[in-house]
Colleague: 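One structure, pasted below without further comment.
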Amino acid sequence: FSKRNGSNSFNYYQQSMNADALKRLTVEQNLRIALDSNELSLAYQPQIDLGTGKLSGFEALLRWNSQELGQVPPMEFIPVAEECGLMIPIGDWVIKTACQQAKEWIDDGLSIPRIGVNVSICQFTQANFLETVREILNETCLPAEFLQIEITESLLLSKTVNIAKTLKGLNELGVQIAIDDFGTGYSNLSRLKEMPINQLKIDRSFVCGIDDNLKNRSILTAIIAMASGIDLGVIAEGVETDGQLGFLKNEECDEVQGFLISYPMNKEMASEYLKTKVFLPT
Ligand code: C2E
Ligand code: MG
Ligand code: MG
Ligand code: MG
């Protein structure tokens, strides 16, 4: 390729394609050793009950500190893990680690009402997913009611496997189910009502706009009203300002989670938080 024949932009395009593919490959190769090299950890973000001002749960969020690549954000490595089959072992590790940690806090007398864990569709639709959860709860001795599994709306639409059966099985175990990033997918509201779901997590895109966007405020009000109408708990994600918190309190949203309350914390900081934190004034 020469500069003279005007192929410059094409060249550039090709190079950037290669750079993306290379990056993805690098992520994949390093991710393959991440579990065994102890490069993965969980961060815990508090969730607050607006009625009591107290902690209602922690969401466990996966962190990867790669020796080669440094800290890689979940949005960059989770899609890769899902594509190359690594999300199953990594996801099992996440559930187990979160359950172990919750049990440890309970045994230490630290009040942790609930631990939320994100589960990918590819993980949830494994034939043995229910069995895996049951085994982890047995092994870690965590009472099932403490575990909340977060799934996305799109999972409810999938007809390929028997989602309803797995949800029912989890519900019978006593595990709680939350729908994550609610409002961004194509929710089938009648399906929601039929499924054993405990909580809707309103996506933060609706929350971040409410200070100056009347439409987002209307959407939030509608979701909160709908959730309480069909007896679902509702939590707003991504609460960053006092204005947002005030609005959500006023609309009687059950719970909040966001940087205003706390950033996700490593386990040492989360333990400290459980010991010392005075929660929201009511
Ligand atoms: P998510 O489940 O919706 O998690 C909430 C994300 O929003 C987290 O990003 C959290 O750090 C961030 N966040 C919390 N409060 C605020 C706020 O006030 N403002 C803003 N701007 N952001 C806030 P994170 O940790 O980077 O995770 C991103 C996504 O990666 C998660 O979104 C979830 O979909 C996925 N993820 C994380 N851990 C796991 C995991 O163990 N398994 C699976 N399958 N997915 C995971
Ligand atoms: Mg989540
Ligand atoms: Mg979310
Ligand atoms: Mg989200």
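Note that ligands are numbered from 1 as they come in the structure, with each ligand's atoms numbered from 1 the same way. Model, not experiment: these values are computed from the prediction. Along the sequence shown, residues are numbered consecutively beginning with 1. All values below were derived from every heavy atom in this structure, side-chain atoms included, with hydrogens, water molecules and symmetry-related copies excluded.
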Colleague: Kindly compute the distance separating CG (Asp20) from CZ (Arg24), expressed to the nearest 0.5 Å.
Modeller: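 Those atoms lie 11.0 Å apart.
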Colleague: Please classify the Asp180 to ligand 1 contact at 4.0 Å (heavy-atom distances, strictly less than): side chain, backbone, both or neither.
Modeller: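 The answer is the side chain.
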Colleague: Return yes when at least one N/O/S atom of Asp180 is nearer than 2.8 Å to the Mg ion (ligand 2), and no when none is.
Modeller: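 Yes, within the cut-off.
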Colleague: Relative to the heavy atoms of Gln45, which atoms of ligand 1 are at a distance of less than 4.0 Å?
Modeller: 14 (C), 15 (N)
Colleague: Any heavy atom of Lys201 sitting closer than 4.0 Å to ligand 1?
Modeller: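 False for this residue.
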Colleague: Any atom of ligand 1 sitting under 4.0 Å from a heavy atom of Arg63?
Modeller: yes
Colleague: Restricting to N, O or S atoms, which atom of Glu59 is closest to the Mg ion (ligand 2)?
Modeller: OE2
Colleague: What is the distance from atom CG of Leu31 to atom SG of Cys84, rounded to the nearest 0.5 Å?
Modeller: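 Leu31 atom CG to Cys84 atom SG measures 6.0 Å (nearest 0.5 Å).
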Colleague: For ligand 1, note which part of Asp203 has a heavy atom under 4.0 Å away: side chain, backbone, both or neither.
Modeller: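 Within the 4.0 Å criterion, Asp203 makes no contact with ligand 1.
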Colleague: For Gly238, state whether at least one heavy atom is located under 4.0 Å from any atom of ligand 1.
Modeller: yes
Colleague: Is the Trp105 to Phe146 ring centre distance short of 6.0 Å?
Modeller: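 No, the ring of Trp105 stays outside the 6.0 Å limit from the ring of Phe146, centre to centre.
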Colleague: Which atom names give the shortest non-hydrogen contact between Glu237 and Val207, and what distance separates them?
Modeller: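 Nearest heavy atoms, Glu237 then Val207: O-CG2, 3.2 Å.
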Colleague: Taking 4.0 Å as the limit for heavy-atom contacts, which would you say applies to Asp181 with ligand 1: side chain only, backbone only, both, or neither?
Modeller: side chain
Colleague: Which ligand 1 atoms are under 4.0 Å away from a heavy-atom of Val94?
Modeller: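 The list of qualifying atoms is 41 (O).
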Colleague: Name the one of Lys215, Gln244, Glu251 that satisfies side-chain contact (heavy atoms from CB on, under 4.5 Å) with Ile210?
Modeller: Gln244
Colleague: Should the proximity of Pro74 to ligand 1, defined as any heavy atom under 4.0 Å, be assigned to the side chain, the backbone, both, or neither?
Modeller: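 It is the side chain that gets close, since no backbone atom is under 4.0 Å.
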Colleague: Within the stated cut-off of 2.8 Å, is an N/O/S atom of Glu150 closer than that to the Mg ion (ligand 2)?
Modeller: yes
Colleague: Could you pull out the closest heavy-atom pair between Met226 and Leu200, with the gap in Å?
Modeller: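 So the minimum-distance heavy-atom pair works out to CE-CD1, 3.7 Å.
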Colleague: Under 4.0 Å from any heavy atom of Glu240, which atoms of ligand 1 are there?
Modeller: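 By the 4.0 Å cutoff, the relevant atoms are 17 (C), 18 (O), 19 (N), 20 (C), 21 (N).
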Colleague: What angle, to the nearest 10°, do the atoms OD1 (Asp181) and OE1 (Glu237) form about the Mg ion (ligand 3)?
Modeller: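 That angle works out to 90° after rounding to 10°.
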Colleague: Between ligand 1 and Met87, can you find any atom pair, the residue atom being a heavy atom, that is separated by under 4.0 Å?
Modeller: yes
Colleague: Salt bridge between Glu59 and Lys201, side-chain N to carboxylate O under 4.0 Å?
Modeller: yes
Colleague: Considering only heavy atoms of Pro264, which atoms of ligand 1 have at least one such atom less than 4.0 Å away?
Modeller: 11 (O)
